Amino acid sequence: MGPYGSTTCSGASSSASSSSSSSVTKPPADIDGCLADAGYKVRSSDLRHVAQRLERLETVMVNSPGDLSHLASDAVLYNPADLATWVDSLLTEFNHQPLISLPSDLDFSEGAVINNPAALPRQTWTDNSAVISAVPQQNHNQLTVVTAMEEDSGIRLVHLLVTCAESVQRGDLALAGSLIENMQALLTRVNPSCGIGKVAGYFIDALSCRIFSPQTVGSASGSVHENELLYHYFYEACPYLKFAHFTANQAILEAFDGHDCVHVIDFNLMHGLQWPALIQALALRPGGPPLLRLTGIGPPSPDGRDSLREIGLRLAELARSVNVRFAFRGVAASRLEDVKPWMLQVSPKEAVAVNSIMQLHRLLGSDPNRNSPIEMMLSWIRNLNPKIVAVVEQEADHNKPGFLDRFTEALYYYSNMFDSLEACAMQPEKALAEIYIQREICNVVCCEGAARVERHEPLDKWRIRLEQAGFRPLHLGSNAFKQASMLLTLFSAEGYRVEENQGCLTLGWHNRPLIAASAWQVMPMAEATANQQAVGIINQNNNPNRI
C-alpha cells in the first residue's frame, strides 16, 4: 500500500476525528467533498494528472541543455488546478517524450484511501504546487528544481538517520543495517551534491562503516601527509581556520607588548600557516621587533623527512626578510599528550604564549588506568606561567556519553558547516575541504574509546574546565573583533557572523556558532586556590550521594 493508504483524519471534522483509527474507503464524490472543504479546487480524478505533469516538468528542467532561466517565476501557486494549467503551458515549450510513470509510492491509485486530505503531509498537497524554485548557479546557468518529493525524502532521511543511530545505541545492529539500505535507496531521490543529500550521504557512510566494517575505521583516518593537505584546503576554502589564526595572533601580539624575548608554543604546526602574519606584525612593532622563538609540535613524518625542520627553515627565511630575529624548534609527537614540558626548553626570561587551534578536545578521552590527559596538560601549561593561552575549539558538544545524543548534535552541527561551505566560491578547495570534515564525522560516529579523538565541547564547558585548572579569561579586545569582521569581507557569503560572547569571539553560520576563540592567563596562586576551594564546595553540595 502507498504511504497514503492508511492516513487518518486529524481534525477536519469531529466525526472524522472520532474514527481516525479506522480505514474506510470513500467514493470519489466524498473525496471531492473533502477536497472542497479543505479549500482545494480540484477533483480527485485530476490528481494523477497533476502529479505526472510535475514529475515530467522536473525531468525536463533538470535535463534540458538550454538556458531555462526565462521559466523562473516568483509566483507561488497553492491551487493544484491552476498549477496543472501552468505546468502544461511550460511543457508546450519542449518537444519531450511521452509521460514517464510515477514511482510506486506516489501512485494515486483508485483504491487509495484518503480519509482527510488536510491531514496529509503538506509536501504531498500544498508544497507540490509551491516548491518549484529556480536557483541560478555560479559560472553556469542551471536550474535546481526542488520538488515536494525531494523535500519529503530529505525529511525521511533525517528521521531514518536518527532511528538508525538509536538502533545502534540499543545494540540492534540488524535493524540498523536494514535502515542503512532504506536510506541508501532514499538518497537516489535527493540531490547528493548539496543540502541534506550531501550531509546524509556522509552520515550514512559513517554509520555503515560502524555497523558493517568497524575494523577498518582506523585506516580511514588517512596518512599524515593527507591530513596536512586536507587541512590546508580547509584553510583556503572557508574562513574558520583563518578566523582562528587571526584572532589568536592578535591576542598573542597584545600579550607580547613590551617584551623583547618571546616564545610561542604551537600545539599543531601544520605547515606553519598561522605564523607569517605574526612575524610580519612583530616586524612593524614600535621600538623594533623582539627575538621570536617558535616551538612547533607535529606528527613525525612517515617517510623519514624532517618536515617540521623544513617548515622552520621557510619561516626563518621570512623572518630574515623582515629583520625579525627568529629561532625554531620542532617537536615530533604522534599524540599531544606525549609532549612533556622539558621538550619545549622554555626560558624564565621569555614571555610565553601557548597556542592551541582545535587540539585540546583530543585530550578529553578518559582512561581509568591513568590520569586525565587534559588535566595533566593544563597543569604543566600552568607551570610554564605563560602570558597567554590562546584556545580555539569547535562550538559543538560531541563528547556526550550517549551515542544518540552525540549523533544528533553532530548531524545538526555539520549540516550548518556544509551549508556554510556551499556559500564559498573556492570550488576545488571546497571539494577537498569537505573530505577534511567527512573524516571528522567518521571519527565522531564510528569510533569509541581511545580511537575517538574528535571530542568537541562547547565554550561554556571549556570555561569551567580552564577556570578549575587555574586560568582566568582574557577578554579579546576590539582589535580582534575588527580583524575577524574584516576577514569575512574576503568571502562573498553573507551568512557568516562574528559575535562577542563574554570576552570570547565566535564565528558561525547565521545564528549557529561553529567555532569559538578564547584567551586565558594564569591566575595568581591565592586566587587559584580560592577558586578551587569554591569549586570543591559546589561539587560537594551537588553530590547526590552526600549524607
Side-chain angles (χ1 to χ4, degrees), residues 241-297 308-309 311-331 341 344-357 381-392 471-487 489-490 498 500 503-505 517-524 527:
L241 287 176
K242 291 185 178 70
F243 164 83
H245 291 173
F246 275 67
T247 305
N249 281 353
Q250 182 62 39
I252 292 171
L253 187 65
E254 294 174 4
F256 282 168
D257 188 34
H259 295 276
D260 294 328
C261 184
V262 298
H263 186 177
V264 176
I265 300 169
D266 186 5
F267 280 176
N268 189 31
L269 188 60
M270 291 300 260
H271 295 295
L273 295 174
Q274 181 173 348
W275 304 120
L278 180 67
I279 292 172
Q280 292 170 338
L282 289 173
L284 300 175
R285 196 175 75 169
L291 166 64
L292 172 62
R293 289 188 61 206
L294 174 62
T295 297
I297 300 170
L308 293 176
R309 182 174 179 274
I311 295 170
L313 289 174
R314 290 197 296 269
L315 292 174
E317 183 64 28
L318 171 65
R320 188 180 304 111
S321 68
V322 293
N323 298 317
V324 173
R325 292 173 295 160
F326 180 82
F328 177 83
R329 176 179 176 80
V331 176
L344 309 177
Q345 299 184 356
V346 174
S347 168
K349 298 180 181 180
E350 299 171 335
V352 176
V354 175
N355 182 73
S356 175
I357 306 298
I381 290 175
R382 189 180 188 283
N383 291 336
L384 293 178
N385 195 29
K387 287 291 180 181
I388 186 172
V389 180
V391 177
V392 180
F471 296 89
R472 64 183 178 187
L474 269 175
H475 280 225
L476 295 172
S478 59
N479 287 335
F481 184 88
K482 291 176 183 176
Q483 283 212 12
S485 300
M486 290 176 59
L487 169 67
T489 62
L490 301 176
V498 176
E500 193 273 343
C504 306
L505 294 181
S518 58
W520 303 83
Q521 64 181 178
V522 175
M523 289 182 186
E527 182 181 349

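Remember, predicted model here, so these are calculated numbers, not experimental data.
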Separation between CG of Leu308 and NE2 of His271, rounded to the nearest 0.5 Å: 11.0 Å

Can you sort out the partners of Ser518 under side chain to side chain donor-acceptor pair (under 3.5 Å), two or more places apart, ordered by chain and number? Trp520

Those residues at least two apart in sequence (or on a different chain) that pass ring-ring contact (aromatic ring centres under 6.0 Å, His included) with His263 are none

Do Thr295 and Val331 have side chains that approach each other closer than 4.5 Å (heavy atoms only, starting at C-beta)? yes

Val389 and side chain to side chain contact (heavy atoms under 4.5 Å, CB included): which single residue from Leu384, Leu474, Val522, Ile381 fits? Ile381

Taking C-beta and beyond as the side chain, do Pro524 and Arg472 meet within less than 4.5 Å on heavy atoms? yes

Does any part of the side chain of Pro289, heavy atoms only, come nearer than 4.5 Å to the side chain of Arg325, both counted from C-beta? no

Has the side chain of Glu500 got a donor or acceptor atom that lies under 3.5 Å from a matching backbone atom of Gly503? yes

Quick one: pull up SG in Cys261 and NZ in Lys349 and give me the separation to the nearest 0.5 Å. 9.0 Å

Of all heavy-atom pairs linking Pro290 and Val324, the shortest is O-CG1, 4.0 Å

Drop me the distance from His245's NE2 to Ile252's CD1, to the nearest 0.5 angstrom. 10.0 Å

What is the distance from atom CG of Leu315 to atom CG of Leu278, rounded to the nearest 0.5 Å? 10.5 Å

Within a strict 4.5 Å, meaning less than it, do heavy atoms of the Leu282 and Leu292 side chains meet? yes

His259 vs Glu350, side chain to side chain contact (heavy atoms under 4.5 Å, CB included): CA-CA, chis, key distance, verdict: CA-CA 8 Å; His259 295 276; Glu350 299 171 335; over 6 Å; no

For Arg329, enumerate each residue passing the salt bridge (charged side-chain N to carboxylate O under 4.0 Å, His left out) test, keeping only those at least two apart in sequence or located in another chain. none

Flag, side chain of Thr247 to backbone of Ala244, donor-acceptor distance under 3.5 Å: no

Side-chain (Arg285) to main-chain (Phe256) donor-acceptor, under 3.5 angstrom: yes

Sequence neighbours left out, what pairs pass side-chain hydrogen bond (donor to acceptor under 3.5 Å, both in side chains) with at least one residue falling in residues 274-283? Asn249-Gln274, Asp266-Trp275, Gln274-Asn355

Only counting residues at least two apart or in another chain, list the ones meeting side chain to side chain donor-acceptor pair (under 3.5 Å) with Arg320. Glu317

Which residue pairs pass the salt bridge (charged side-chain N to carboxylate O under 4.0 Å, His left out) test with at least one member in residues 474-485, sequence neighbours excluded? none

Contact check, side chains of Leu269 and Ile311, non-hydrogen atoms, under 4.5 Å: yes

Closest non-hydrogen contact found for Ala319 with Phe326 is CB-CB, 3.5 Å

Is the shortest side-chain heavy-atom distance between Asn479 and Gln483 below 4.5 Å? no

List the steps, then state whether side chain to side chain contact (heavy atoms under 4.5 Å, CB included) holds for Ile297 with Asn268. CA-CA 5 Å; Ile297 300 170; Asn268 189 31; over 6 Å; no

Lys242, NZ atom: more than 12 neighbouring heavy atoms under 6.0 Å: yes

Are any of the side-chain heavy atoms of Gln345 and Arg293 separated by less than 4.5 Å? yes

Roughly how far, to the nearest 0.5 Å, is the CD atom of Gln250 from the CZ atom of Phe481? 13.5 Å

Return the CZ to CD1 distance between Phe471 and Ile388, rounded to the nearest 0.5 Å. 11.5 Å

Nearest heavy-atom contact between Pro386 and Arg382 is CD-O, 4.2 Å

Heavy-atom side-chain proximity of Leu505 to Phe243 below 4.5 angstrom: yes

